[in-house]
Amino acid sequence: GTLLATMLVCRRIAASACRRAVPTSLTSAPRCSAPSVSAAASSHLGQYRHMSSDDLPYHIVMPMPALSPTMEAGTIAEWNVGEGDAFAAGDSVAEIETDKATMAFEAQDDGYVAKILVEAGNEIAVNVPVMITVEEEEDIAAFKDFVPPEVEAGGAAPAAAEEAPAAAAAAAAPPTAAAAATPERDVPLEFALMPSARSISQSAGVDATVLEGTGKGGRVTKGDVLKALKDGVYMPPLAAKAAAAPAAAAQAAAPAAAAAVATPVDVAIPPITTDSTYEDVPNSNMRKIIAKRLTESKSQVPHFYTTVQIELDAALALRKQLAANHDVKVSVNDLVIRSAALALRDVPEVNATYNAKTNTVSIHDTVDISVAVATPTGLITPIVPQTSMLGLSEISASVKDLATRARDGKLAPEEYQGGTFCISNLGMFGIAEFSAVINPPQAAILAVGGGVKTVVPGEWIDNEEKNASEATRRPTVKTLMTARLSADRRVVDEATAALFLSAMNKYLAKPQLLML
């Protein structure tokens, strides 16, 4: 209670300081860091922008949050509040469709919805404003016809809205500022700014790495940035710095492009007629991310494939026996997951991930198998944690629960991010065999087809063996399942892949081992 009261007092003081600044416009208003109960919550919701001006009361601009580490944009599936509604800390104000699932956008503080800036169903980039909130109910009316500068330009990202002020700052900079040398410090450039200093400099749209830092190792602190802003010390704009490289590349490519210009020729394009009709369906965020990740995987990860045919008759007999004698219902997929988990325990080199940035291989002590699940919006891979430590009934219950919540879009991020190995089973759809694409940073993925009844020749017996029984010579019909391992050659070699498939074949051929 004392901590919460202290935070509220600090917030009131910050708001009062913002009001005393009396900015001339919303874009020039001072921006204060949002108070948060925890660092995790602040990272989860992004950075709020607190603003005030002569015409508008104190308010908070809430941006599109980054609800997952890979999220670059999100779609507001549904608003749970309307303009004028009150909300409390922890309330879900909106349902946001991310690249993995639909998640709740929770409020951190109490307040009132003054203005909703984005309609449901629109895809919005991370950090673009989506809603304005106020603390007092009587302040709502002031925002009836208000549209912030970031949204006036057709919903462009905040970076685009800040480009003009940054360009003006660059034009007003002294000529000698461009030639300023980077200060010497004992830390790399990417760690030159303290977190609070980075937040303030990004809010101001300037590059504070040019300042002499007073922190340990020469790092720039929050006080250094605030003092530089107060004293009017020149700092290059972020927009100009980011645009320098593309502008130089475009300038270098201009002569080649000019040389390649040819005289235009009018080409008559015959009209194309068709009697069929079609409908353009926008791709979901999940499918966009899947397409991007799998393209990167297929082009950057050196895939190789090993295939084995596994007899399922003994496993199918065990499945029937468990259902008849013990009322335990398990699927073939549960048996495959259990056998793969034990094989990964026996051959841990396949239970690994690869870090492309550091070129290192991590062999994991625990087996956490990701199971591919098809949903209406795309493919997702929920994780069965500690798979090798679970029995068949536990695996069956876990997979059913994860698959149900995955199709409903109710998975938590920790339930589908990570994993050490992946299994994709299309046998229930009548697919005999296929090849799967590795899901980085995992080193391998197992593609499982359905069981196919196949005539298998009998054992070869030399003619000289007169006592050999006739039954061993006859062809038999067996149920064979094709399992194909796609592996990253940087982590797994062919012999290791063969050992893994051999171990898995052993467990399914003698399914009693799965019960141990």
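Residue numbers count from 1 along this sequence. Because only heavy atoms are used, hydrogens play no part in the values below, and waters and symmetry mates are left out as well, while side chains stay in.
- With sequence neighbours excluded, the residues that form a side-chain contact (heavy atoms from CB on, under 4.5 Å) with Ser92 are Asn80, Glu95, Ala104.
- For the residue pair Arg407 / Thr375, no side-chain donor-acceptor distance below 3.5 Å is found, with atom types taken as modelled.
- The main-chain N or O of Lys357 is found under 3.5 Å from a side-chain atom of Asn355 such that the two form a donor-acceptor pair.
- Side-chain contact, Asp334 with Ser331: a donor N or O sits under 3.5 Å from an acceptor N or O.
- Under a 3.5 Å cut-off, the side chain of Arg185 and the backbone N or O of Arg219 do not form any donor-acceptor pair.
- Considering only heavy atoms from C-beta on, Leu402 comes within 4.5 Å of Glu415 through its side chain.
- Within the 4.5 Å cutoff, the side chain of Lys288 has heavy atoms near those of the Glu123 side chain.
- Side-chain contact check for Leu514 versus Leu342: some heavy-atom pair is nearer than 4.5 Å.
- Applying the ring-ring contact (aromatic ring centres under 6.0 Å, His included) test to every pair with at least one member in residues 335-388, sequence neighbours left out, gives no pairs at all.
- Side-chain contact of Ser388 with Arg345: a donor-acceptor pair under 3.5 Å is absent, judged by distance alone.
- Put simply, the side chain of Ser396 never gets that close to the backbone of Leu392: no donor and acceptor are under 3.5 Å apart.
- Looking only at atom types and distance, the side chain of Thr214 has a donor-acceptor partner in the side chain of Asp224 under 3.5 Å away.
- Between the side chain of Asp368 and the backbone N or O of Gln386, at least one donor-acceptor pair lies under 3.5 Å.
- Ser398 is linked by a side-chain hydrogen bond (donor to acceptor under 3.5 Å, both in side chains) to nothing, counting only residues two or more places apart in sequence or in another chain.
- Evaluation of the salt bridge (charged side-chain N to carboxylate O under 4.0 Å, His left out) test over residues 489-513, restricted to residues two or more places apart or in two chains, returns Asp488-Arg490, Arg489-Glu494.
- A donor-acceptor pair under 3.5 Å links the side-chain atoms of Asp313 to the main chain of Thr479, judged by distance alone.
- Side-chain atoms of Val367 and Ile369, non-hydrogen and from C-beta on, do get closer than 4.5 Å to each other.
- Between the side chains of Asp207 and Thr209, at least one donor N or O lies within less than 3.5 Å of an accepting N or O.
- For residues 314-334, there are no ring-ring contact (aromatic ring centres under 6.0 Å, His included) pairs, not counting sequence neighbours.
- Screening residues 480-516 for ring-ring contact (aromatic ring centres under 6.0 Å, His included), with sequence neighbours left out, gives Phe421-Phe500.
- Side-chain contact between Thr387 and Ile395 is present, with heavy atoms from C-beta onward closer than 4.5 Å.
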